[in-house]
Amino acid sequence: MTYQWVDCDRHTVSGRYDRIAEFIPFFDRLLFLPGDMRRKAVVRLGLRRGDSVLDIGCGTGVNFPYLRDAVGPAGRIYGVDISPGMLRKARQRRLRHGWTNIELTECDVVDYTTPEPLDGVLFSLSYNTMPHHRTVLRHAWRQLRPGGRLVIMDAKLPPGWSGRLLLPFSLWLMKRTMLGNPLIHPWQELAEIVAPVDMRECLFSSYYVCCATKPAAAAASNDNDARAVARQIAAE
Ligand SMILES: C[S@@+](CC[C@H](N)C(=O)[O-])C[C@H]1O[C@@H](n2cnc3c(N)ncnc32)[C@H](O)[C@@H]1O
């Protein structure tokens, strides 16, 4: 039997997340998300004090404490999300902690460009929810500076018979909840852009953090592109 995933348009994704924003911590538990996955993902970014980082599909801002610890008060955190309901919670979190260096934007991330080249880009449980993931990935990659890192943390089906057994349930659950397509392989899509991709799996290979560093030479022109885009935006 062949299983398929039907992509949703951006309004459906945004509306779905507006409705489930209240229940995000519950979903973490339902899907057995290991407690330290987010911290591990941020560690892989290799951020330093004063760095700039983009959190793609930042949701309720649950990664902000780790990102903020990494870049410090002088760093910049850009959070983008398509769901107003999720972003409302992210804004509340920012206000509660008095974080002044987090800029939040509500839009489809493919339409967003940061005002500066980035030291890190994070997809935390968000990559599979984006039907245009390949376009988003390339757009994000272009905004990284040479030496910058891109990290994708997400769930995946374990290999072999257990993955095949879980697939129908996973499709059923995702269609009704987070809209994350379990059939795509983000680490392979990242490997189409750059090698090597560092892949670390845990919990019987059902979660992973993959990471790639933008090479200095190849990235130089992209960095210039990012600066040119930033200058154009500033001029508008
Ligand atoms: C499963 S949640 C993950 C939230 C958060 N990153 C976390 O680790 O808990 C996926 C998020 O991606 C956002 N998202 C999906 N498609 C998007 C898009 N095209 N542009 C921006 N955000 C998007 C959703 O609104 C949602 O908040």
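Every value quoted in this text rests on a predicted model; they were computed, and no experiment measured them. We count ligands from 1, going down the list as the structure has it; atoms in each ligand are counted the same way.
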Taking only residues two or more places apart in sequence, or in another chain, which ones meet I184 in a side chain to side chain contact (heavy atoms under 4.5 Å, CB included)?
Y127, N128, H133, N181, P186, E189

If only atom types and distance count, is the side chain of D36 paired as donor or acceptor with the main-chain N or O of R39 below 3.5 Å?
no

Should the pair [X]-[Y] be classified as a salt bridge under the 4.0 Å nitrogen-to-oxygen rule?
{"X": "D111", "Y": "R10", "result": "yes"}
{"X": "R76", "Y": "E116", "result": "yes"}
{"X": "R16", "Y": "D18", "result": "no"}

Pairs of nitrogen or oxygen atoms, one from ligand 1 and one from the protein, closer than 3.5 Å: please tabulate them with distances.
residue  : atom   : partner : partner atom : Å
ligand 1 : 6 (N)  : G57     : O            : 2.8
ligand 1 : 6 (N)  : S124    : O            : 2.8
ligand 1 : 8 (O)  : R38     : NE           : 3.2
ligand 1 : 8 (O)  : R38     : NH2          : 3.2
ligand 1 : 8 (O)  : S124    : O            : 3.2
ligand 1 : 8 (O)  : S124    : OG           : 2.6
ligand 1 : 9 (O)  : R38     : NH2          : 2.7
ligand 1 : 19 (N) : D108    : OD1          : 3.0
ligand 1 : 20 (N) : V109    : N            : 3.0
ligand 1 : 22 (N) : I82     : N            : 3.2
ligand 1 : 25 (O) : D81     : OD1          : 2.6
ligand 1 : 27 (O) : D81     : OD1          : 3.2
ligand 1 : 27 (O) : D81     : OD2          : 2.6

For W141 together with H139, are the ring centres under 6.0 Å from each other?
no

